[in-house]
Amino acid sequence: MRSVGLLQREIEKAGIATVSISNQPEVAEKVCLPRACFIQYPFARILGMVGDRPGQRRVCDDMCGLLVEARGPNSYVHLPYEWPEPPEKTQWEPLTPAPMHVLRAQGKAPKGFAHYRDEERPDLV
Amino acid sequence: MPITKVDSYAFYPGARDRIAQMRPADPAKTPWTALGKPLSKCNVTLVSTAGIYVKGDVPFDYEREWREPHWGDPTHREVPRAAGQDDCEYTHLHINTEYLRADRNTAFPVDIFLDYEREGKVGRLADTLYSIMGYVPNFNPLLKQTAPKMAAKMKAEGVDAAFLFPV
């Protein structure tokens, strides 16, 4: 969510109105976004279950509503919809763990910025 | 019971420590562009983070991510609005992409926005839609190189509003 939030800010700065959706309001509110809807749905299915077009559309309708109604930056709306499965039984992670998740499981994930090449260091933005 | 406040950790409790360490930006400096016209007159586009690209296009660089797990491909791909569900690959390594392969509208609602266009809810869905691959801890090049290219293309196509869909 952080990288796409930062991307959203850049698009907004370019003169294009933006709205996003996220299940991590604490990240969005730290990045500080123009407009964002929050929803307690899992990663990979942030708009709804496979084939649930009315449910997916309801969320898109809410994003359209916020886009139209927001009157200033940091406009956030918590959507009321409940995911039909309990979170601990909801599958969203890949069947093959991502490379960083493998490192974290081994306790080898890097910290800080020293491992980045200079031109890619996020702290040098 | 309807949700009143979304729990950032409901589906990913392991992210709590990393999110706690994030430095907050200054909300007084959040950028803002007013919409400026009714949505029914707006040209809109979509941005996904699901690592989507049209079959035959250059894939996102996952070979380097496997070699350097702290690195994620910071480039973007353009997805023509005419590209169908099965014309695209859905490739983000950090999520289960089988849902998107079954129904892209779970996180990239192209078909819903085409309906909006037919109904007049939005003026037009732009010719070009966009995807990045959302795992980009090295976000400097995403902001300095990719974002300007995407914004320039949006401006060239007369886009008024962008909808972003992180996965």
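What's counted below: heavy atoms across the whole structure, side chains too, no hydrogens, waters or symmetry copies. Note on naming: letters A, B, ... go to the chains in the order of the sequence lines (proteins, then strands), and numbering restarts at 1 for each one.
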* Test side chain to side chain contact (heavy atoms under 4.5 Å, CB included) applied to A:Gln91 and B:Glu98, step by step -> CA-CA 11 Å; A:Gln91 209 277 333; B:Glu98 72 179 56; 5.5 Å; no
* side chain to side chain contact (heavy atoms under 4.5 Å, CB included) between B:Tyr116 and A:Cys60: does it pass, once the steps are laid out? -> CA-CA 10 Å; B:Tyr116 284 167; A:Cys60 293; 3.2 Å; yes
* To do: Decide side chain to side chain contact (heavy atoms under 4.5 Å, CB included) for B:Ile3 and A:His78; before the verdict, give the C-alpha distance in whole Å, the side-chain angles of both, and the deciding distance to 0.1 Å.
  => CA-CA 8 Å; B:Ile3 304 288; A:His78 290 254; 5.7 Å; no
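Between chain B and the residues A:Ala17, A:Pro87, A:Gly5, the most heavy-atom pairs under 4.5 angstrom are made by A:Ala17. Per-residue heavy-atom pair counts under 4.5 Å with chain A were compared for B:Asn105, B:Val136, B:Leu39, and the maximum is reached by B:Asn105. Most heavy-atom pairs under 4.5 Å with chain A, from the set B:Thr97, B:Val6, B:Thr4: that is B:Val6. Counting heavy-atom pairs closer than 4.5 Å to chain B, the top residue among A:Cys32, A:Ala98, A:Pro97, A:Ser20 is A:Cys32. Contact tally against chain A (heavy-atom pairs below 4.5 Å) for B:Cys42, B:Pro141, B:Ala102, B:Pro27: the top residue is B:Pro27. Put simply, of A:Asp52, A:Ile39, A:Ile11, A:Val19, the one with the most heavy-atom pairs under 4.5 Å next to chain B is A:Val19. The candidate with the highest count of non-hydrogen atom pairs below 4.5 Å against chain B, out of A:Ile46, A:Val31, A:Val68, is A:Ile46.
In this structure, CE in A:Met63 is found 4.0 Å from CZ in B:Phe165, a value given to the nearest 0.5 Å. To the nearest 0.5 Å, atom CD1 of residue A:Ile21 and atom CG of residue B:Leu164 are 11.5 Å apart. Rounding to the nearest 0.5 Å gives a distance of 5.0 Å between CG of A:Leu7 and CE of B:Met150. Atom CG in B:Asn96 sits 10.0 Å away from atom OG1 in A:Thr96 (nearest 0.5 Å). The CZ atom of A:Arg53 sits 6.5 Å away from the CG atom of B:Asp115 when rounded to the nearest 0.5 Å. Rounding to the nearest 0.5 Å places CZ of A:Arg45 at 11.0 Å from CG of B:Asp103.
Neither the backbone nor the side chain of A:Glu29 comes within less than 4.5 Å of any heavy atom of chain B. Neither the backbone nor the side chain of A:Pro86 comes within contact range of chain B; no heavy atoms are under 4.5 Å apart. With a 4.5 Å cut-off on non-hydrogen atoms, B:Arg18 touches chain A through its side chain but not through its backbone. Contacts of A:Thr90 with chain B are made by side-chain atoms alone, with heavy-atom separations under 4.5 Å and no backbone atom involved. For A:Ala70, the parts lying near chain B are the backbone and the side chain together; criterion is any non-hydrogen pair under 4.5 Å. Contacts of B:Leu35 with chain A are made by both backbone and side-chain atoms, with heavy-atom separations under 4.5 Å. With a threshold of 4.5 angstrom between heavy atoms, A:Arg35 approaches chain B through side-chain atoms but not through N, CA, C or O. Of the two parts of B:Ala152, neither the backbone nor the side chain holds a non-hydrogen atom closer than 4.5 Å to a non-hydrogen atom of chain A. For B:Pro13, no part lies near chain A; criterion is any non-hydrogen pair under 4.5 Å. Both the backbone and the side chain of A:Phe43 come within contact range of chain B, judged by heavy atoms closer than 4.5 Å. With a 4.5 angstrom heavy-atom cutoff, A:Leu6 touches chain B via backbone and side-chain atoms both.
Using a 4.5 Å heavy-atom threshold, the side chains of A:Asp61 and B:Lys121 count as touching.
Residues B:Val79 and B:Val167 share a hydrophobic cluster, clusters being chains of Ile/Leu/Val/Met/Phe/Trp/Tyr side chains in contact below 4.5 Å. A:Leu47 and B:Tyr90 fall within a single hydrophobic cluster, where Ile, Leu, Val, Met, Phe, Trp and Tyr are joined by side-chain heavy atoms under 4.5 Å apart, directly or via other members. One hydrophobic cluster holds both A:Val59 and A:Val77 under the rule that ILVMFWY side chains link at heavy-atom gaps under 4.5 Å. In the hydrophobic cluster analysis, where Ile, Leu, Val, Met, Phe, Trp and Tyr join through side-chain heavy atoms closer than 4.5 angstrom, B:Val159 is grouped apart from B:Leu114. By the criterion of side-chain heavy atoms lying less than 4.5 angstrom apart, applied directly or through intervening Ile, Leu, Val, Met, Phe, Trp or Tyr residues, A:Tyr76 is not grouped with B:Phe163; the two fall into different hydrophobic clusters.
In terms of heavy atoms, A:Ala14 sits closest to B:Ala151 at CB-CB, 3.6 Å. Contact detail for A:Val4 and B:Pro166: the closest heavy-atom pair is CG1-CG, 3.4 Å. Contact between A:Pro34 and B:Trp32 at its shortest, heavy atoms only, is O-CZ3, 3.9 Å. Looking at every heavy atom in both residues, A:Gln56 comes nearest to B:Ile112 through CB-CD1, 3.6 Å. The shortest non-hydrogen separation linking B:Phe11 to A:Tyr41 is CE1-C, 3.5 Å. Scanning both residues, A:Leu67 and B:Ala161, for their nearest heavy atoms gives CD2-CB, 3.8 Å.
Between the side chain of B:Lys155 and the main chain of A:Ile16, no donor-acceptor pair closer than 3.5 Å is present. Within the 3.5 Å criterion, the main-chain N or O of A:Glu12 finds a donor-acceptor partner in the side chain of B:Thr33. Judged by distance alone, the side chain of A:Ser3 and the main-chain N or O of B:Gly134 form a donor-acceptor pair under 3.5 Å. Side chain of B:Ser8 to backbone of A:Glu26: a donor-acceptor contact under 3.5 angstrom is found. With hydrogens and angles disregarded, a donor-acceptor distance shorter than 3.5 Å links the side chain of A:Glu82 to the backbone of B:Met1.
The six-membered or imidazole ring of B:Tyr99 lies away from that of A:Trp92, with a centre-to-centre distance of 6.0 Å or more.
Between A:Arg57 and B:Glu119 there is a salt bridge, since a side-chain N of the basic residue sits under 4.0 Å from a carboxylate O of the acidic one.
Against chain A, the residues from residues 62-72 of chain B that qualify, each with a non-hydrogen atom under 4.5 angstrom away, are B:Arg64, B:Glu65, B:Trp66, B:Glu68, B:Pro69, B:His70, B:Trp71 in number order. Identified by a heavy-atom distance below 4.5 Å to chain A, the contributing residues of residues 46-55 of chain B are B:Val47, B:Thr49, in residue-number order.
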